[in-house]
Amino acid sequence: MTDVDIRAALVRHWNASASGDQVAEHEIYQENVLVEYPQSGEQIRGRQNIVALRSHHPSKPAGFVVRRIVGSGPLWVTEYTISYDGRPVHTVSIMEFEAGKVARETQYFAESFEAPSWRQQWVERST
């Protein structure tokens with residue numbers, strides 16, 4: 001696969017994730033994919049387990065917005081925000097491709113926080 005093909009596959013994947021299309025969302029993964037959540041220490045092995053886990057999530061995501069996708073060759077990173085129960089969760093997904101499919105994905109999740117006032121003179125507010 002070329003970088004253009006991988007980017008197109010990622011766009012399809014994230015659009016399917018946002019719309020709740022479980023079939024299209026998981027086409028990107030190899031059967032024996034490994035997905036890791038380092039913050040909780042969890043590893044999910046196999047596409048079937050990923051589908052099962054995501055389909056049983058008690059809070060279906062809403063407000064899914066991709067901020068950017070960067071990468072080349074086998075390594076791609078997506079920054080996006082998901083809203084769970086009205087709370088935005090900033091997420092980074094690192095995907096490693098082998099033979100045109102994701103063999104490994106690592107996801108990091110972070111909730112928003114208020115910027116401290118002591119540093120306001122040096123920063124700009126982003127949206």
Side-chain angles (χ1 to χ4, degrees):
M1 282 182 100
T2 68
D3 285 357
V4 171
D5 296 329
I6 292 174
R7 178 176 290 280
L10 286 165
V11 169
R12 282 191 306 275
H13 168 75
W14 298 119
N15 286 340
S17 296
S19 70
D21 182 344
Q22 290 267 329
V23 173
E25 176 183 359
H26 296 97
E27 289 175 350
I28 201 166
Y29 296 110
Q30 291 184 354
E31 286 296 327
N32 62 343
V33 65
L34 173 66
V35 174
E36 294 185 286
Y37 300 157
Q39 291 163 289
S40 65
E42 296 170 292
Q43 296 182 331
I44 305 101
R45 293 186 189 275
R47 184 180 353 172
Q48 284 186 302
N49 287 331
I50 295 165
V51 172
L53 180 144
R54 291 178 178 164
S55 66
H56 287 89
H57 197 291
S59 300
K60 298 295 181 202
F64 192 104
V65 178
V66 173
R67 185 170 180 197
R68 67 180 172 155
I69 299 171
V70 294
S72 66
L75 187 62
W76 289 78
V77 177
T78 304
E79 288 182 68
Y80 59 99
T81 303
I82 304 174
S83 291
Y84 290 105
D85 298 326
R87 280 189 359 245
V89 178
H90 303 278
T91 309
V92 175
S93 167
I94 303 167
M95 290 183 168
E96 300 173 52
F97 284 78
E98 292 176 8
K101 298 276 187 182
V102 175
R104 181 184 188 113
E105 179 179 24
T106 305
Q107 292 187 316
Y108 295 93
F109 303 91
E111 293 188 11
S112 298
F113 61 89
E114 287 297 318
S117 61
W118 65 264
R119 61 183 183 210
Q120 68 187 11
Q121 67 187 12
W122 300 290
V123 301
E124 297 175 14
R125 297 292 294 179
S126 62
T127 55

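Note that the numbering runs from 1 along the sequence shown for the chain.
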**Request:** Give, for atom CZ of R67 and atom OG1 of T81, the distance between the pair rounded to the nearest 0.5 Å.
**Result:** 7.5 Å

**Beyond-backbone contact of W76 with L10, side-chain heavy atoms, under 4.5 angstrom** = yes

**Message:** For a 4.5 angstrom cut-off between non-hydrogen side-chain atoms, does F64 reach N15?
**Reply:** no

**Complete:** Closest heavy-atom pair, R47 versus Q30, reported as atoms and distance to 0.1 Å, is CB-O, 3.8 Å

**Message:** Taking the side chain as everything from C-beta on, heavy atoms only, tell me whether I69 gets closer than 4.5 Å to R7.
**Reply:** yes

**Closest approach of G73 to D3 (non-hydrogen atoms, all atoms of both residues)** = N-OD1, 2.8 Å

**Item:** salt_bridge(E98, R104) N-O dist < 4.0 Å
**Value:** no

**Request:** Report yes if some heavy atom in the side chain of Q120 is under 4.5 Å from a heavy atom in the side chain of W118; otherwise report no.
**Result:** no

**Asked** Do the side-chain N and O atoms of Q121 and R119 include a donor-acceptor pair separated by under 3.5 angstrom?
**Response** no

**Asked** Going through the distances and angles, do H13 and Y29 end up as a ring-ring contact (aromatic ring centres under 6.0 Å, His included)?
**Response** CA-CA 10 Å; H13 168 75; Y29 296 110; 5.6 Å; yes

**Prompt:** Can you hop from V33 to I44 via hydrophobic side chains spaced under 4.5 Å?
**Reply:** yes

**Asked** Hey, quick one: are I28 and I94 part of the same hydrophobic cluster, counting side-chain heavy atoms closer than 4.5 Å, chains of contacts allowed?
**Response** no

**Item:** Where P88 and S83 come nearest, the two heavy atoms and their spacing
**Value:** CA-OG, 3.9 Å

**Prompt:** Is E25 salt-bridged to R54, going by a charged N under 4.0 Å from an acidic O?
**Reply:** yes

**Residue pair I50 / H26, side-chain heavy-atom distance below 4.5 Å** = yes

**Prompt:** Between R68 and V77, is there a donor-acceptor pair closer than 3.5 Å when you use the side chain of the first and the backbone of the second?
**Reply:** no

**Prompt:** In terms of the angle between their ring planes, are Y84 and H57 parallel, tilted or perpendicular, with boundaries placed at 30° and 60°?
**Reply:** parallel

**Complete:** Separation between OG (S55) and CD (Q22), nearest 0.5 Å, reads 5.5 Å

**Prompt:** Mind checking whether E36 and Q107 have side chains closer than 4.5 Å, heavy atoms only?
**Reply:** no

**Item:** Over 12 non-hydrogen atoms of neighbours within 6.0 angstrom of CD in Q43
**Value:** yes

**Prompt:** Same cluster or not: are V65 and Y108 linked, directly or through other Ile, Leu, Val, Met, Phe, Trp or Tyr residues, by side-chain heavy atoms under 4.5 angstrom apart?
**Reply:** no

**Asked** In terms of side-chain heavy atoms, does E105 have a donor or acceptor partner in S93 at a distance below 3.5 Å?
**Response** yes

**Asked** Hey, quick one: are L75 and V66 part of the same hydrophobic cluster, counting side-chain heavy atoms closer than 4.5 Å, chains of contacts allowed?
**Response** no

**Prompt:** Rounded to the nearest 0.5 Å, what separation is found between the CZ atom of F109 and the CD atom of Q39?
**Reply:** 7.5 Å

**Message:** If hydrophobic clusters are built from ILVMFWY residues whose side chains come within less than 4.5 Å, do L34 and Y37 share one?
**Reply:** no

**T2 and D5, any side-chain heavy atoms less than 4.5 Å apart** = yes

**Prompt:** What is the distance from atom CD of E96 to atom OG1 of T106, rounded to the nearest 0.5 Å?
**Reply:** 6.0 Å

**Asked** So, K101 side chain and E27 main chain: donor-acceptor pair closer than 3.5 Å or not?
**Response** yes

